[in-house]
Asker: 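Quick one: the structure is below, and I'll ask about it shortly.
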Amino acid sequence: MGDTSGMNTNSKEKRTTYIYILKALAIFSVICAHSTPLIDGSNKWNVLSSQLLDYLGTFGVPIFFCISGYLFGGNRRNWGDFWKRKVTTLFLPWICCETLLWFYVVLRKGGISIDAWLLFLLGYHHTTYYLTILVLFYVIYWKIRKPSVIWMLNAVSTISILETGWNVGIFHQLNVILDSYYLNPFNWMLFFGIGLLMCRNPQKAIQSFKGWWGSLCICGSVVYFGVHLYLGLEFYYFSKYALIGDLLSLGTVVYLGQKLMNVKKKEVLLKIGAWSFSIYLLHQFVAGIVVAVTNCWDFFVLTLCRPWIILAITVCIVMVIDRIFREKLSWVRTIIGIR
C-alpha cells in the first residue's frame with residue numbers, strides 16, 4: 001500500500017490556503033461595509049460608489065460564520081482545552097482592542113460607564129456582535145453534529161431572516177426586545193450551520209461551485225445589485241430580500257476563492273487571510289479617519305479607494321507589530337489578535 005501521508009499533507013495545505021483566501025475576501029468585505037459614510041449633498045456618482053461598497057459589505061460576515069462553522073466542525077479538542085485556547089486567541093484580543101477603541105470613542109463623545117463599556121464589548125450597535133454570536137454558537141453547537149438537527153436549525157434561521165426583513169412574526173419581536181437585528185443569533189445561525197454541513201464533505205461542496213453554479217452566482221449578484229438600485233432598496237444584512245443576496249454572495253465568494261487558488265503570487269492575499277482577525281479588530285481605528293479625510297472631496301474614485309486604503313494601512317500596522325514583537329514582548333502580538 002502506498003504512502004498517503006504526503007497526499008494528506010498536500011490536501012491539508014490546500015484547504016488552509018483556500019480558507020485564508022476566503023478570509024481575505026471576507027475581511028475586505030467587512031472593511032467595505034465601514035467605508036460608506038458620505039456627507040450630505042454628495043454627487044450621484046459618489047452615492048452610487050457608496051451603495052456599491054454597501055453591497056460588497058454584506059458579503060463578509062456570512063462568509064466568516066461559514067468558515068467558523070466549518071473549522072468548528074473539525075474541532076477535536078475537549079471542552080476545557082477549547083476554551084483555554086480561546087482565552088488567548090479570542091477573548092484577550094477582543095477585550096483589549098475593543099476597550100481601547102471604546103476609550104477612543106467616549107473620550108470624544110462622552111458616556112463613560114461600566115454598562116456602556118460592556119454593551120460596546122458585546123456588540124450592541126457595534127461591530128463586535130459577530131464575536132458575541134460566535135461564542136454563543138460554540139456553546140449551542142458543541143454537542144450538535146447530526147445533519148438533521150443542523151438542517152432543522154437552518155430552517156428556523158431562514159424563517160428568522162425572512163421575518164426580520166419583513167418586520168413580522170416572533171423573530172421580529174425578538175429583534176425588538178434585543179433592540180438589535182445583529183444580536184439575534186437566529187439571524188446568523190444559517191451561515192454557521194452551512195459551514196458545519198460543508199465540513200462533512202468540503203471537497204464536494206466547493207467543487208459544485210467550480211462550474212456554471214459559480215458563474216450563475218456572480219451574474220445573480222450583479223442582477224441583485226442592479227434591481228436594488230433600480231427599485232431604490234437598501235443594502236444591508238436584513239433587508240426584505242437579503243436572504244437571496246446572502247446566498248448569492250456565498251456562492252460568489254466560494255467561486256472567486258477557487259479562481260484565486262490558481263494565482264501564482266498570492267502571498268499578500270494569504271497574509272491578509274492569516275491576519276484577518278487582527279485586521280478586523282484594528283481597522284476600526286483607521287476607518288473613521290480615512291472616511292473623514294476622503295469626505296473632504298466629493299469624488300467617487302476616492303470613495304471607491306477607501307477600503308483599499310484602510311486595508312493597506314491596517315496591514316502595515318499589523319506587519320510592523322508582528323515583526324517588532326515576534327521575539328520579545330510577544331504578548332503584544334497576542335493582544336492584537338495575531339495567531
Asker: Heavy-atom distance under 4.5 Å between the side chains of Phe171 and Ile159, does that happen here?
Answerer: yes
Asker: Is there a path from Leu282 to Val291 through hydrophobic residues (I, L, V, M, F, W, Y) whose side chains come within less than 4.5 Å of each other?
Answerer: no
Asker: List the steps, then state whether ring pair (Phe, Tyr, Trp, His ring centres under 6.0 Å) holds for Phe137 with Phe72.
Answerer: CA-CA 10 Å; Phe137 285 165; Phe72 185 69; 9.7 Å; no
Asker: Please examine the side chains of Asp179 and Tyr124, heavy atoms only from C-beta on, and report whether any two atoms are closer than 4.5 Å.
Answerer: yes
Asker: Ring centres under 6.0 Å, that's the criterion: do Phe28 and Trp308 meet it?
Answerer: yes
Asker: For the CD atom of Glu13 and the OG1 atom of Thr16, what is their distance to the nearest 0.5 Å?
Answerer: 7.5 Å
Asker: At their closest point, which heavy atom of Ile150 faces which heavy atom of Ile144, and how far apart are they?
Answerer: CG1-CG2, 4.0 Å
Asker: Just wondering, do Lys266 and Ile21 contact through their side chains at under 4.5 Å, heavy atoms?
Answerer: yes
Asker: Check the angle between the aromatic planes of Phe192 and Tyr141 and answer parallel, tilted or perpendicular using the 30° and 60° thresholds.
Answerer: tilted
Asker: Keeping to residues at least two apart or across chains, list the salt bridge (Lys or Arg N to Asp or Glu O under 4.0 Å) pairs with something in residues 297-324.
Answerer: Asp322-Arg326, Asp322-Arg333
Asker: Please answer: with hydrophobic residues joined when any side-chain heavy atoms are less than 4.5 Å apart, are Val293 and Leu304 in the same cluster?
Answerer: yes
Asker: Answer whether the closest heavy-atom distance between the side chains of Phe65 and Ile194 falls below 4.5 Å.
Answerer: no
Asker: Taking atom CG of Leu270 and atom NZ of Lys23, what is their separation to the nearest 0.5 Å?
Answerer: 12.0 Å
Asker: Heavy-atom distance under 4.5 Å between the side chains of Ser29 and Ile63, does that happen here?
Answerer: no
Asker: Can you find a pair of side-chain heavy atoms, one from Thr127 and one from Gln284, that are under 4.5 Å apart?
Answerer: yes
Asker: Any donor and acceptor pair, going by atom type alone, linking the side chain of Ser50 with main-chain N or O of Asn46 inside 3.5 Å?
Answerer: no
Asker: Using modelled atom types only, decide if a donor and an acceptor are shared between the side chain of Thr294 and the backbone of Thr303 within a distance under 3.5 Å.
Answerer: no
Asker: Would you please test Tyr18 and Gln258 for side-chain contact (heavy atoms from CB on, under 4.5 Å) and show each step?
Answerer: CA-CA 7 Å; Tyr18 185 61; Gln258 280 287 321; 3.9 Å; yes
Asker: With a 3.5 Å distance limit and no angle check, can you tell me whether Lys86 reaches the backbone of Phe91 through a side-chain donor-acceptor pair?
Answerer: no
Asker: Give a yes or no answer on whether the side chain of Ser157 reaches the backbone of Asn154 with a donor-acceptor pair at less than 3.5 Å.
Answerer: no
Asker: Asn187 side chain to Tyr181 main-chain N or O, any donor-acceptor pair under 3.5 Å?
Answerer: yes
Asker: Can you classify the ring geometry of Trp188 versus Tyr237 as parallel (below 30°), tilted (30 to 60°) or perpendicular (above 60°)?
Answerer: perpendicular
Asker: Taking all atoms of both residues into account, what is the closest heavy-atom pair of Tyr241 and His228, and its distance?
Answerer: CB-CE1, 4.2 Å
Asker: When you measure from the side chain of Thr99 to the backbone of Cys96, do you find a donor-acceptor pair of N or O atoms at a distance under 3.5 Å?
Answerer: no
Asker: Is Val176 reachable from Ile170 through a run of I, L, V, M, F, W or Y residues, each pair having side-chain heavy atoms under 4.5 Å apart?
Answerer: no
Asker: Step by step, would you call Leu248 with Val223 a side-chain contact (heavy atoms from CB on, under 4.5 Å)?
Answerer: CA-CA 10 Å; Leu248 288 171; Val223 171; over 6 Å; no
Asker: Do you know the tightest heavy-atom contact between Leu196 and Gly69?
Answerer: CD2-O, 3.3 Å
Asker: Given Val320 and Ile324, is the side-chain contact (heavy atoms from CB on, under 4.5 Å) satisfied, shown in steps?
Answerer: CA-CA 6 Å; Val320 169; Ile324 291 176; 3.5 Å; yes
Asker: Output yes when a side-chain donor or acceptor of Thr128 lies under 3.5 Å from a complementary backbone atom of Leu131, and no otherwise.
Answerer: no
Asker: Give, for atom CG of Asn184 and atom NE2 of His172, the distance between the pair rounded to the nearest 0.5 Å.
Answerer: 11.5 Å
Asker: Just by modelled atom types, is the Ser160 backbone N or O under 3.5 Å from a matching donor or acceptor in the Thr164 side chain?
Answerer: yes
Asker: Indicate yes or no for a side-chain donor-acceptor contact from His34 to the backbone of Ile31 under 3.5 Å, with no hydrogens or angles considered.
Answerer: no
Asker: Could you check whether any side-chain heavy atom of Arg15 comes within less than 4.5 Å of a side-chain heavy atom of Tyr70, counting everything from C-beta outward?
Answerer: yes
Asker: Counting heavy atoms not belonging to Arg145, are there more than 12 under 6.0 Å from its CZ?
Answerer: yes
Asker: Should the pair Phe235 and Tyr55 be assigned to parallel (<30°), tilted (30 to 60°) or perpendicular (>60°) ring geometry?
Answerer: tilted
Asker: Just by distance, do the side chain of Ser330 and the backbone of Phe325 share a donor-acceptor pair under 3.5 Å?
Answerer: no
Asker: For the residue pair Tyr236 and Phe238, does the interplanar ring angle fall in the parallel (under 30°), tilted (30 to 60°) or perpendicular (over 60°) class?
Answerer: perpendicular
Asker: Do the non-hydrogen side-chain atoms of Tyr255 and Cys217 ever get within less than 4.5 Å of each other?
Answerer: no
Asker: Please lay out, stage by stage, how Ile19 and Leu71 fare under the test side-chain contact (heavy atoms from CB on, under 4.5 Å).
Answerer: CA-CA 9 Å; Ile19 287 171; Leu71 294 175; 3.7 Å; yes
